[in-house]
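In what follows, a structure is listed as structure tokens, so that the remarks can point back to it.
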Number of protein chains: 2
Amino acid sequence: MSEPKRWRVMLVDDHRILLDGIKTLLGSEPDMEIVAEAGDARMAMQLLTYVHVDLLVSDFSLPDTRHTDFLNELKVKFPNLPIVVLSMHDEPEIIRDVLNSGAKAYVMKSNSREELVKAMRHVMLGETYVSPEVALKLMQATQKTNSSALTEREIEIVKLIAKEYSNKQIADMLFISERTVESHRKNIFRKAGAHSVVGVMKYALEHKLL
Amino acid sequence: MSEPKRWRVMLVDDHRILLDGIKTLLGSEPDMEIVAEAGDARMAMQLLTYVHVDLLVSDFSLPDTRHTDFLNELKVKFPNLPIVVLSMHDEPEIIRDVLNSGAKAYVMKSNSREELVKAMRHVMLGETYVSPEVALKLMQATQKTNSSALTEREIEIVKLIAKEYSNKQIADMLFISERTVESHRKNIFRKAGAHSVVGVMKYALEHKLL
DNA sequence: TAGCAAATACCTAAAACAGGGTATTTTTAG
DNA sequence: CTAAAAATACCCTGTTTTAGGTATTTGCTA
């Protein structure tokens, strides 16, 4: 009988239990073969230099790197390696970041094993894939005209407020008058619907300005 | 040949892939049998009312409840059901919360499958169990005299400050004088080493007071 | 090039806050 | 029962912030 083509897969996840689980799960798929495992980005990069891998399935959050850093490094060193990202986050910003950083598929950990396998097969066919839940989240996000209405300068000032600088200090470091800072501040308050710095901070956190 | 006693296990985790993985993993253990699965606390509680379960293995974070709420509810309704908590968090406060809320074991998702199985067996023998990593974290924590130095009342006031209430408003809602609020506030600032509300907010976030 | 958004700057006045105290009552723990 | 810790309350003073304006300059774009 003819040997079926088996894709050589590398798994990256710092949660051993999940990693073991996925390995066992994929063991029953005839066209997949786990040839490498890593618990963090460093180990993954090292293994990739001497193990031939057709497909990489990686956790979104790794202990030793920020997600997009890892993806960007991979894009540079192994531009043809397709990547499926497994994540527990469903925030549109994160999903977008991941896909923009070169991942070919985004699957939630709350999805079924079938979704993961489906994503892997799609990716091996050169297609990108996001699970239905993820697609939904992305759709919803495009609806609301997000992005805070704050201008660049205002965001700059919000960041300085978050660092506990007073109006006077901010004025000094931006080489503008204290009056100007007050004006910006006033506009920030209005736009954020805040009545105290705390409100501005909440707004900044919600809109990921910090 | 004699039937070996198999423990009837229920798995609770909202990440299907992990759940499927663990199920497959435990499939090879001769003394464990997965008899129920749930993706959230509600479903778990329902299933427990009519499925006989010897041991519950639950994710720490579930979509529909705060961890300790679920554990407390279990303690009331099923006081004799031993629980192994699987978690990705290694913060001592969380570990302590979980164990204080009645869980018999705490295992990290980054631990090996053997750890999970070991924890389950220990628990079935009536013992408590934490994986070596977890034990280490707990040890380290007892060293530093942690817990914010803030008193109950001060924490209460920090929370109100975070909700953007002014001293006057806080005074009104706590039925104390504005002077008193100012005093508390002053002490909070001193203890937190802050020089503005933003500093207090950062302190509060770091010490998980909000 | 006319128009608009953004950034700049100033004025005023009330309110809130920060920081320095001190002092009394209530609670807690030894 | 007593000492310490916490909660309560007030005083004072100067500073900062908030909130309401108006106005000029700059840079982009239709």
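The structure presented is a predicted model; accordingly, all values stated were derived computationally and were not measured.
- Each of D/dA6, C/dG19, D/dT17 was ranked by its minimum atom distance to the side chain of A/S166; first place goes to D/dT17.
- Distances shorter than 4.0 Å separate none of the side-chain N or O atoms of A/S196 from OP1 or OP2 on D/dT18.
- Using a 4.0 Å heavy-atom distance criterion, A/T180 is classed as a base contact.
- Within 6.0 Å of atom CZ in A/F60, more than 12 heavy atoms from other residues, nucleotides or ligands are found, so the atom counts as buried in its surroundings.
- Rounding to whole angstrom units, NE2 of residue B/H184 and C1' of C/dC17 are separated by 17 Å.
- A/K186 has its NZ atom 13 Å from the C1' atom of C/dA7, to the nearest Å.
- The shortest distance between the side-chain N/O atoms of A/H195 and the OP1/OP2 oxygens of D/dT17 is not below 4.0 Å.
- In this entry the distance linking CG of A/L174 with P of C/dT8 reads 8 Å, nearest Å.
- For the atom pair CZ of B/R185 and CZ of B/R179, the computed distance is 13.0 Å after rounding to the nearest 0.5 Å.
- As rounded to whole Å, 13 Å separates atom C1' of C/dC17 from atom CG of A/N167.
- If you measure from atom NZ of A/K168 to atom C1' of C/dA18, you get 18 Å, rounded to the nearest angstrom.
- Side-chain atoms of A/D54 come within 3.5 Å of backbone N or O of A/R8 as a donor-acceptor pair.
- Across all strands shown, A/S183 has heavy atoms under 4.0 Å from base atoms, whether or not it also approaches the sugar-phosphate.
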**Study point:** A/E73/A/K77 under salt bridge (charged side-chain N to carboxylate O under 4.0 Å, His left out): CA gap, chis, key distance, verdict
**Key:** CA-CA 6 Å; A/E73 204 180 335; A/K77 298 202 181 147; 3.2 Å; yes

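- Residue contacts shown for A/R190 are absent, as no nucleic acid heavy atom lies under 4.0 Å away.
- Side-chain atoms of B/T151 lie closest to D/dA6 of the nucleotides D/dA6, C/dA9, C/dA6.
- Across all strands shown, B/N187 has no heavy atoms under 4.0 Å from either base or sugar-phosphate atoms.
- Atoms CD (A/Q169) and C1' (D/dT15) sit 13 Å apart, rounded to a whole Å.
- When rounded to the nearest whole Å, the span between CD of A/E152 and P of C/dT8 equals 12 Å.
- In this model, the phosphate group of D/dT8 is not approached by any side-chain N or O of B/R179 to a distance below 4.0 Å at OP1 or OP2.
- Note: CD (B/E182) to P (D/dA7) measures 17 Å, nearest angstrom.
- Within the 4.5 Å cutoff, no side-chain heavy atoms of B/N111 are placed close to those of B/L116.
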